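When a ligand or atom number is given, it counts from 1 through the structure's own listing order. Predicted, not measured: the structure shown is a model, and the values here were computed from it.
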Amino acid sequence: MQARPLLDWADPPRELIGFLGLFFGAGAVGFRYFALKGREIETDRPFYDDAAQRAAIIGLIGTILSLALAAWELPALAARKHMDPAAFATSDAATMMELGFLIIALFGFALGIARVGAGWVLAAIGVVVGALRVALLGRWSQLVNPVHSLAAGLWIGTLFVLVTAGLSSLLKNEQTRERRGAIAADMVNGFSPLALTMGAIVVVFGLITAWRHLHHLSALWTTPYGYTLIVKLVFVALVFGLGAWNWRRQRPILGTEPAAVAIRNSARAELTFAVLVLLVTSVLVSLPSPRG
Ligand code: HEM
């Protein structure tokens, strides 16, 4: 009999699509409620409205990715319960909730694209409550990974939307040419408390999930799961290092256009390492846990 391979290489790409779906949705909501919050200065209103609309498009793409993944996984989940997919989707509480919240988010982002303000409330409910839906089923012990990934999404996803829908567009926008430095400072200062809070939550819940899986510290250097976690933590350290650089060195000097260009460039570097973190994480969650 052949031994089962350690890793099914079909799993990491599927996990990665799930992460991107969550990070785009959470990033759009984080951007709207933190980077743009209270920053709608009348003269620059068209820029802020356009930025919110671009964020809603990113959120919609993320939600479509999540829905496509859920639909793709449905037949296998239904087969495990010996049911047909349609009957399973309309009877299994966890699946109904997952699909329900994704549809709420989908409508929310679609309304956001149409510039209907209330759409953002729906999008926020769909993304945030949807990510933490196991709590609604009373499955508290299963909440660690969702909190870890939602916090990571609200931090890194918002940074992605800030760079693409916010800073990069701002630096090309002619109407705001005179005030680019001030607008960039406003958006980054709005994002900063979110990044600090979510960064702390990511670490706390990351340590809890790591401890639960490793069980013994020695599993960190004696198992494939452990080695992969070490690789992930090296990239995580680089993301935190660049985040700290942006926060301590770049943010305080914001206010001019060159400073806005500089922070956009170092935020891009931070995002590159964050993509590596997600790539390694997609392998990590596909490996057998040492505890098992
Ligand atoms: C840039 C920072 C980080 C990002 C973007 C990130 C992202 C993620 C994501 C998206 C997951 C998938 C969770 C799921 O499948 O539900 C995950 C899992 C995990 N994270 Fe992180 N993480 C970060 C930092 C950390 C830190 C600091 C630790 C601390 C040790 C950590 C430990 C873990 C572990 C052990 C898992 C695997 C859980 C499992 O096997 O089910 N992460 N991370």
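In this structure, the protein non-hydrogen atom closest to atom 41 (O) of ligand 1 is N145 ND2, 2.9 Å. The single protein non-hydrogen atom nearest to atom 13 (C) of ligand 1 is S149 OG, 3.6 Å, given as residue, atom name and distance. Protein heavy atom nearest atom 25 (C) of ligand 1, with residue, atom name and distance: H148 CE1, 3.3 Å. Considering only non-hydrogen protein atoms, atom 11 (C) of ligand 1 sits nearest to T281 CG2, 3.3 Å. Among all non-hydrogen protein atoms, the one lying nearest atom 5 (C) of ligand 1 is A152 CB, 3.6 Å. Among protein heavy atoms, the minimum distance from atom 15 (O) of ligand 1 is reached at V285 CG1, 3.9 Å. Looking at atom 27 (C) of ligand 1, its nearest protein heavy atom turns out to be V236 CG1, 3.8 Å. Atom 36 (C) of ligand 1 has L284 CD2, 3.6 Å as its closest protein atom, hydrogens excluded (heavy atom only).
Hydrophobic clustering of Ile, Leu, Val, Met, Phe, Trp and Tyr side chains at less than 4.5 Å, counting indirect connections, unites M97 with L102. Residues L132 and V204 share a hydrophobic cluster, clusters being chains of Ile/Leu/Val/Met/Phe/Trp/Tyr side chains in contact below 4.5 Å. Hydrophobic clustering keeps L196 apart from M187 (ILVMFWY residues linked when any side-chain heavy atoms are closer than 4.5 Å, directly or through intermediates). Cluster membership for L137 and V144, using ILVMFWY side-chain heavy atoms within less than 4.5 angstrom, is shared. A single hydrophobic cluster is not seen to contain both V234 and L214; linkage of ILVMFWY side chains at heavy-atom distances under 4.5 Å, directly or through other members, places them apart.
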Practice problem: For salt bridge (charged side-chain N to carboxylate O under 4.0 Å, His left out), just list the numbers for D50 and R115, CA-CA rounded to whole Å, side-chain angles, deciding distance to a tenth of an Å, and then say yes or no. | Solution: CA-CA 9 Å; D50 290 351; R115 298 177 187 244; 2.7 Å; yes

Quiz item: Between W155 and F240, is a ring-ring contact (aromatic ring centres under 6.0 Å, His included) present by the stated rule, with each step listed?
Solution: CA-CA 11 Å; W155 166 29; F240 271 91; 4.9 Å; yes

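Ligand 1 places these atoms under 4.0 Å from at least one heavy atom of V202: 2 (C), 3 (C), 23 (C), 24 (C). Residue contact check: W155 has heavy atoms under 4.0 Å from atoms 1 (C), 2 (C) of ligand 1. Every atom of ligand 1 is numbered from 1 in the order shown, and the set under 4.0 Å from a heavy atom of Y225 is 35 (C), 37 (C), 38 (C), 39 (C), 40 (O). Here is the list of ligand 1 atoms found below 4.0 Å of a heavy atom in G206: 28 (C), 29 (C), 30 (C), 31 (C), 32 (C). In the vicinity of V277, heavy-atom distances shorter than 4.0 Å reach the ligand 1 atoms 3 (C), 4 (C), 5 (C).
Checked by atom type, the side-chain pair T176/D44 shows no donor-acceptor distance below 3.5 Å.
At a heavy-atom distance under 4.0 Å, only side-chain atoms of L233, from C-beta outward, approach ligand 1. Contacts between A210 and ligand 1, counted as non-hydrogen atom pairs separated by less than 4.0 Å, involve both the backbone and the side chain.
Although no hydrogens or angles enter the test, the distance criterion places no donor-acceptor pair under 3.5 Å between the side chain of T209 and the main chain of G206.
Look at K232 and atom 21 (Fe) of ligand 1: an N/O/S atom of the residue is under 2.8 Å from the metal.
Between T209 and ligand 1, a contact under 3.5 Å exists for no N or O pair.
No more than 12 heavy atoms of other residues, nucleotides or ligands sit less than 6.0 Å from atom CH2 of W9.
The six-membered or imidazole ring of W120 lies away from that of F31, with a centre-to-centre distance of 6.0 Å or more.
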